[in-house]
*Asks:* 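Sharing a structure below in structure tokens format, with a few things to ask.
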Amino acid sequence: MLQARQLLLVTIGLATSGCVVANPNPPADPLRVQVRVTVCFDNPVCADIPYVHAGTLIFLEADTLLMYDGDRLGRMAIPVAQIAKLEVYRGRKPSAAGAAKGAGLGAAFGALVGAAAAGASAAIFGGIADVDVGEMAARGAIQGAVGGALTGAAVGASVGSPVWQEVSVRQLREELCHCRIPEPVT
């Protein structure tokens with residue numbers, strides 16, 4: 001009798017484990033949802049100068065979004081009626097823009113380090129060989145810029161750019177509760 005129960009439990013465990021494998025994207029944890037909210041507080045110039053707050057979603061009610069604002073280091077309640085745009089952070093995506101940014105930063109840093117290293121080396125060992133410090137620094141800057149650009153492009157491409165998806169308040173609520181919310185009847 002004991003073996004039949006164990007066999008039943010193993011069968012149930014295997015049957016339900018398929019749900020985990022079939023859904024590789026687990027449900028969103030509301031405390032880990034990063035949001036970016038553009039707010040218009042009855043301001044006629046809101047289109048020109050919007051108020052943008054970014055942080056972690058704490059709670060989303062029917063009429064209020066509560067978030068932890070990373071810039072203000074505190075909780076912030078935003079009326080849903082005042083939200084002009086709501087975006088959810090979806091991770092990072094490798095991109096050409098990330099590679100270009102990485103290449104630019106890498107080239108600048110590589111040129112600086114290459115020029116400093118070659119110039120210092122030429123200054124130190126200049127007495128041994130007849131070496132022009134300026135010329136060596138320029139060569140070091142070029143070599144450092146090329147190496148830094150290649151390294152920076154590789155790192156920038158792998159890190160990528162952040163992806164923000166614009167959603168409605170209703171879409172975010174549906175995503176958090178994993179349910180369909182019926183359209184309001186007017």
Side-chain angles (χ1 to χ4, degrees), residues 13 16-113 145 147-186:
T16 57
S17 69
C19 296
V20 175
V21 174
N23 184 10
N25 299 322
D29 182 2
L31 297 177
R32 294 196 177 136
V33 175
Q34 299 295 312
V35 293
R36 195 163 58 183
V37 183
T38 304
V39 183
C40 283
F41 290 110
D42 298 327
N43 189 346
V45 294
C46 183
D48 299 331
I49 309 169
Y51 302 99
V52 180
H53 303 282
T56 304
L57 178 68
I58 296 174
F59 194 75
L60 181 60
E61 295 177 347
D63 61 345
T64 306
L65 181 141
L66 183 63
M67 65 182 278
Y68 179 82
D69 190 343
D71 294 333
R72 295 183 180 193
L73 300 176
R75 292 181 180 198
M76 177 175 214
I78 301 172
V80 170
Q82 304 296 329
I83 296 176
K85 184 177 178 183
L86 176 63
E87 297 171 292
V88 178
Y89 178 72
R90 299 296 187 193
R92 300 186 79 78
K93 178 181 174 186
S95 66
K101 182 178 179 182
L105 291 172
F109 184 73
L112 180 68
V113 171
L150 293 174
T151 304
V155 170
S158 65
V159 170
S161 302
V163 176
W164 290 92
Q165 179 186 12
E166 186 174 351
V167 297
S168 67
V169 173
R170 182 171 175 262
Q171 288 172 327
L172 182 57
R173 288 176 60 213
E174 286 179 347
E175 184 177 327
L176 293 173
C177 75
H178 301 286
C179 60
R180 292 288 294 157
I181 299 172
E183 289 285 338
V185 179
T186 56

*Asks:* Considering non-hydrogen atoms only, spot the tightest contact between T64 and A77 and give its length.
*Replies:*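 Scanning both residues, the minimum pair turns out to be CG2-CB, 3.9 Å.
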
*Asks:* To the closest 0.5 Å, what do you measure between CE (M76) and NE2 (H53)?
*Replies:*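 Separation between the atoms: 3.5 Å.
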
*Asks:* Name all residues meeting the side-chain contact (heavy atoms from CB on, under 4.5 Å) criterion together with F109; count only those two or more places apart in sequence or in a different chain, and write none if there are none.
*Replies:*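 Scan of F109 (side-chain contact (heavy atoms from CB on, under 4.5 Å), adjacent residues dropped) gives V113.
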
*Asks:* For V80 versus E61, what's the shortest heavy-atom pair and its separation?
*Replies:*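 So the two residues come closest at CG2-O, 4.3 Å.
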
*Asks:* Kindly compute the distance separating CG (L105) from OG1 (T151), expressed to the nearest 0.5 Å.
*Replies:*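 These two atoms lie 12.5 Å from each other.
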
*Asks:* Between Q82 (side chain only) and P79 (backbone N and O only), is there a donor and an acceptor less than 3.5 Å apart?
*Replies:*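 Between the backbone of P79 and the side chain of Q82 there is no qualifying donor-acceptor contact (under 3.5 Å).
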
*Asks:* Only counting residues at least two apart or in another chain, list the ones meeting side-chain contact (heavy atoms from CB on, under 4.5 Å) with I83.
*Replies:*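 Per chain and number, I83 pairs via side-chain contact (heavy atoms from CB on, under 4.5 Å) with V37, L65, I78, L86, V169.
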
*Asks:* Identify, with sequence neighbours excluded, every residue that meets side-chain contact (heavy atoms from CB on, under 4.5 Å) alongside V163.
*Replies:*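 If we apply the side-chain contact (heavy atoms from CB on, under 4.5 Å) test to V163, skipping adjacent residues, the hits are R90, K93.
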
*Asks:* Return the CD to OG1 distance between Q34 and T56, rounded to the nearest 0.5 Å.
*Replies:*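 Rounded to the nearest 0.5 Å, the CD-OG1 separation comes out at 3.5 Å.
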
*Asks:* Report the residues that fulfil side-chain contact (heavy atoms from CB on, under 4.5 Å) with S158, sequence neighbours left out, ordered by chain and then residue number.
*Replies:*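 side-chain contact (heavy atoms from CB on, under 4.5 Å) list for S158, sorted by chain: empty.
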
*Asks:* Could you note down all residue pairs passing ring-ring contact (aromatic ring centres under 6.0 Å, His included) where residues 59-86 supplies at least one of them, sequence neighbours left out?
*Replies:*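 Every pair satisfying ring-ring contact (aromatic ring centres under 6.0 Å, His included) with a residue in residues 59-86: there are none.
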
*Asks:* Where do A157 and P94 come nearest, in terms of heavy atoms and distance?
*Replies:*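 So the two residues come closest at O-CB, 3.2 Å.
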
*Asks:* Could you tell me the separation between the CZ atom of R173 and the CZ atom of R170, rounded to the nearest 0.5 Å?
*Replies:*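 Nearest 0.5 Å value for the CZ-CZ distance: 9.0 Å.
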
*Asks:* Write out all pairs satisfying salt bridge (charged side-chain N to carboxylate O under 4.0 Å, His left out) with one or both partners inside residues 76-89, taking only residues at least two apart or from two chains.
*Replies:*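 Every pair satisfying salt bridge (charged side-chain N to carboxylate O under 4.0 Å, His left out) with a residue in residues 76-89: R36-E87, K85-E87.
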
